[in-house]
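The next block holds one structure in the form of structure tokens; read it before the comments.
Chain A is the first sequence line, chain B the second, and so forth, proteins listed ahead of strands; every chain is numbered from 1.
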Amino acid sequence: MYKLDELPANHFINTLINEDLLSGKVDSKIHTRFPPEPNGYLHIGHAKAIIIDFGTAQEYNGLCNLRMDDTNPSKEDVEYVDAIQEDIHWLGFDWGDRFYYASDYFEQMYAFAVTLIQKGLAYVCQLTAEELKDMRGDLSRPAQSPYRDRPIAENLDLFARMRAGEFESGAMTLRAKIDLASPNFNMRDPAIYRINHATHHRSGDKWCIYPMYDFAHPLEDAIEHITHSLCSLEFEDHRPLYDWVMDNCDVPFKSRQIEFARLNITHTVMSKRKLRRLVEENYVNGWDDPRMPTLAGMRRRGYPAEAIRNFCAAIGVGKANSTVEFAQLESAVREHLNLHAERAMAILDPLKIVITNYPEGQTELMTAENNPAIENGGERQISFSREVYIEKNDFMEEPVKGFRRLIPGGEVRLKYAYVIQCDEIVKDANGEIIELHCSYDPMTRSGNDTSGKKIKGTIQWLDAATATRAEVRLYDHLFSKENPDDTAEGEDFTDFINPDSLFIPETAYVEPALNCAETGTPYQFMRTGYFVKDKDSTKTLPVFNRIVGLKDSWGKKQQQ
RNA sequence: UGGGGUGUAGCCAAGCGGUAAGGCAACGGACUUUGACUCCGUCAUUCGUAGGUUCGAACCCUACCACCCCAGCCA
């Protein structure tokens, strides 16, 4: 039925799935699932998992379910359920009508647990958490439980009463009877049900006992006929238990668990605990703050979903712990923006230029390309008059070697307009430069330059008469520390937050034609970078996106 | 100290007994009305280390080393 050379072969997961297909071990459609716990927002690390889960299904013409793994009511909330769905859709994936909740299987899971008890494979253990800790053994000593040989009938009775709410939270657990001496601690009679009198975000107070991940997850997969359950490396040790549940509960289907390495990125934290702290301790303004590595944050920052997908494809899938450089993500974003983002001019730190030989009151319309990187990228008209703003650092009174922009007595091209020459520097009493007096060369009009001049530098500008004052924000990666995930639990982040991660220039101007209120299109600022409207904020002004800005080899040279 | 994993360039990563893909970064150069983009070129005689098997080893065997994960009634 299958031919090896027709099957996907991008990485080891394909190899394993192909084996199952070729051997006939799996004779149904490939079926995967993405099973987030609704206890936080999805981040770029989840994007990798989503792409592996949904992507693998797509590669094999199969299906991928979305399942809320909501088996711990004290950590979960509906707010996250909604956000997770929105983010997956934004990323470009769809689960059709296969949206499930683990909590919908609670009744079935309970029945499986009862069966296990009847088979003598599970027992109610009344050890308290502290007692359990004392009796769990260690590397060389097996664990112990005085309740291990409780009669089946008594276990059945106790488990029913656990469900009925007769006991307090934590009073007892249902444990799988496997092997107290196993070198794999996960097999030392793991708890599979605990008592927790908490209100579940969905099932309310219907249940006061909840299945543990190790028991619930294989059952969820089996119930949904998941052929391949893809998860991260830390669950490798749990696979024997996963298989034990599959083998000892009378499941309708047997799934196979395959583990891959989760994503780490430099200058970024990926742990939900730490992301939550960033939000709750107000280091950022919410889960969707553009500085956050959450999908919601990246969306607001102007990262295209396709760029994130391309990034994940580029980094591959393996089993080695690795940390991808932030630059690799930026590269994927730049690559996409270069082809899709329309260009615009903006001035973040204005310096006024008076073109003394340009007639007062005159205005010309100049033609500017919207996207020179693509054919038929469109054009727009921008006004030009006697007074314009340029970027302050596009002028150097005492130029360093190699500087190609405006210098006293020198010439520079105003992009899409004329070549100007700096004739005079006007300063205030403190010696601060107020404005520059320049003259333009009428023969150098963009599009029909008859001057024959070869000008090295080209800079951006804005007509002072029409430029729109804008609030602009520049973003960079959140942490100055390369591997902030190494930060000790509870440690203060303050010293590690990159002071440049958010910068708001005092006076910034943009082209008036930019309809920032209505467009979600990323714009690219001339030479200085990209910006995108911050769609979800109440402000209608653009966000400047320094981090995926143009590479600046001049700036780099300056630093050296 | 028990168990489970992983080691290929600065960072990812192919490779699965026939003589080290690709991407990111970096560095040269060409082009340029964005110091961007684009284009061309350079970048592992060697695959954690040491032995062994073989005509031939990153791939097989042995030993060692390093790093990651596991003793929640979290997922």
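Between the side chain of Asn155(A) and the backbone N or O of Val124(A) there is at least one donor-acceptor pair closer than 3.5 Å. Checked by atom type and distance alone, the side chain of Lys274(A) pairs as donor or acceptor with a backbone atom of Asp485(A) at under 3.5 Å. Under a 3.5 Å cut-off, the side chain of Asp349(A) and the backbone N or O of Glu391(A) do not form any donor-acceptor pair.
Contacts of Arg405(A) with the nucleic acid, taken as non-hydrogen atoms under 4.0 Å apart, include base atoms. Heavy atoms of Thr323(A) sit under 4.0 angstrom from primed sugar atoms or phosphate atoms, though from no base atom. No engagement by Ile455(A) is indicated, since no non-hydrogen atom pair under 4.0 Å with the nucleic acid exists. Asp138(A) comes within contact range of at least one nucleobase, with a heavy-atom separation under 4.0 Å. When heavy atoms are screened at a 4.0 angstrom cut-off, Val317(A) is found touching the sugar-phosphate backbone but no base atom. Counting non-hydrogen atoms under 4.0 angstrom, Phe403(A) reaches a base of the nucleic acid. Counting any heavy atom pair closer than 4.0 Å across all strands shown, His217(A) reaches no nucleic acid atom. Gly447(A) comes within 4.0 angstrom of a nucleotide base, judged by non-hydrogen atoms across all strands. Residue contacts for Phe235(A): at a heavy-atom cut-off of 4.0 Å it reaches a base atom on one of the strands shown. Note on Ala320(A): only backbone sugar-phosphate atoms sit closer than 4.0 angstrom, heavy atoms only; bases stay farther off. Residue-level contact check: Tyr416(A) touches the bases, meaning some heavy atom is under 4.0 Å from a base atom. Residue Lys75(A) is classed as a base contact, given a heavy-atom separation below 4.0 Å to a base. Residue contacts for Met172(A): at a heavy-atom cut-off of 4.0 Å it reaches no nucleic acid atom on any strand shown.
OP1 or OP2 of rA75(B) has at least one side-chain nitrogen or oxygen of Thr71(A) nearer than 4.0 Å. Within the 4.0 Å cut-off from OP1 or OP2 of rA13(B), at least one side-chain nitrogen or oxygen of Ser322(A) is found. For Ser553(A), a side-chain nitrogen or oxygen approaches OP1 or OP2 of rA36(B) to under 4.0 Å. At rC74(B), none of the side-chain N or O atoms of Arg276(A) fall inside 4.0 Å of OP1 or OP2 (strictly under the cut-off). Between Arg136(A) and rG72(B) there is a side-chain N or O to OP1 or OP2 distance below 4.0 Å. For Lys551(A), a side-chain nitrogen or oxygen approaches OP1 or OP2 of rA25(B) to under 4.0 Å. At the phosphate of rA75(B), neither OP1 nor OP2 sits under 4.0 Å from any side-chain N or O atom of Lys272(A). Contact between the side-chain N/O atoms of Arg334(A) and the OP1/OP2 oxygens of rA25(B) is found at a separation under 4.0 Å.
As rounded to the nearest Å, rA25(B) and rC68(B) have P atoms that lie 29 Å from one another. Distance check on atom C1': rU19(B) versus rC55(B) gives 13 Å, rounded to whole Å. Comparing rU8(B) with rA66(B), their C1' atoms are spaced 15 Å from each other, to the whole Å. Distance noted for atom C1' between rU46(B) and rG4(B): 30 Å (whole Å). Between rA44(B) and rG5(B), the distance separating the two P atoms is 34 Å to the nearest Å. Between rC70(B) and rG10(B), the two P atoms lie 29 Å apart (nearest whole Å).
Taking the ring axis of Tyr101(A) as reference, the NZ or CZ atom of Arg202(A) stays within 45° of it and closer than 6.0 Å to the ring centre. Judged by the 6.0 Å and 45° rule, Arg163(A) forms a cation-pi pair with Tyr110(A).
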Between the protein and nucleotides 21-23 of chain B, which nitrogen or oxygen pairs come in under 3.5 angstrom?
{"unit_1": "rG23(B)", "atom_1": "N2", "unit_2": "Gln328(A)", "atom_2": "OE1", "d": "2.8"}

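rC67(B): Watson-Crick or G-U partner is rG5(B), with both key distances under 3.5 Å. The partner of rU32(B), taking Watson-Crick or G-U wobble pairs whose two distances both stay under 3.5 Å, does not exist in any strand shown. Here rA25(B) sits opposite no nucleotide as a Watson-Crick or G-U wobble pair (both hydrogen-bonding atom distances under 3.5 Å). Using the Watson-Crick or G-U wobble rule with both distances under 3.5 Å, rC55(B) pairs with rG18(B). Base-pair partner of rG72(B): not found among the strands shown (Watson-Crick or G-U wobble, both distances under 3.5 Å).
Rounded to whole Å, atom C1' of rC69(B) lies 15 Å from atom CG of Asp485(A). As rounded to whole Å, 17 Å separates atom P of rU33(B) from atom CD1 of Ile382(A). Look at CG on Asp394(A): it is 11 Å from C1' on rG35(B), rounded to the nearest Å. Across the protein-nucleic acid pair, Asn483(A) atom CG and rC12(B) atom P stand 10 Å apart, rounded to whole Å. Put simply, CZ on Arg141(A) is 16 Å from P on rG2(B), counting in whole angstrom units. A straight line from CD1 of Ile374(A) to P of rU38(B) spans 14 Å, rounded to a whole angstrom. In this structure, the CD atom of Glu375(A) is 14 Å from the C1' atom of rU38(B), given to the nearest Å. If you take CG of Asn371(A) and C1' of rU34(B), they are 12 Å apart, rounded to a whole angstrom.
With its glycosidic angle within 90° of 0, rG72(B) adopts the syn conformation.
Remark: aromatic rings of Tyr213(A) and Phe235(A) are close, center separation under 6.0 Å. Taking the six-membered ring wherever Trp is involved, the centroid distance between the rings of His477(A) and Phe326(A) falls below 6.0 Å.
Checking Asp77(A) against His201(A) by side-chain atom types alone, no donor-acceptor pair falls below 3.5 Å. Between the side chains of Asn184(A) and Ser182(A), no donor-acceptor pair is found at a separation under 3.5 Å. Between the side chains of Glu224(A) and Asn65(A), a donor-acceptor pair is found at a separation under 3.5 Å. A donor atom on one side chain and an acceptor atom on the other are found under 3.5 Å apart for His217(A) and Arg33(A). Under 3.5 Å, the side chains of Thr32(A) and Asp53(A) contain no donor-acceptor pair of N or O atoms.
The side chain of Glu234(A) approaches rC69(B) more closely than any other nucleotide in the set rC69(B), rG10(B), rC74(B). Side-chain proximity of Met212(A) to rG35(B), rA75(B), rG2(B): nearest is rA75(B). Of the listed nucleotides (rC24(B), rA71(B), rC73(B)), rC24(B) has the atom at the smallest distance from the side chain of Glu325(A). Taking the side chain of Pro183(A) as heavy atoms from C-beta on, and the options rC24(B), rG2(B), rC74(B), the nearest nucleotide is rG2(B).
Closest-nucleotide positions on RNA chain B for Lys415(A) and Gly170(A) were compared, and the one nearer the 5' end corresponds to Lys415(A). Each of Arg194(A) and Ser446(A) lies near RNA chain B, and the nucleotide nearest Ser446(A) is the one positioned closer to the 5' end.
rG35(B) has Trp554(A) stacked on its base ring, the centres lying under 5.5 angstrom apart and the planes within 30 degrees of parallel.
Counting distance only, with no hydrogens placed and no angle test, the side-chain atoms of Asp237(A) and the base atoms of rG3(B) include a donor-acceptor pair under 3.5 Å.
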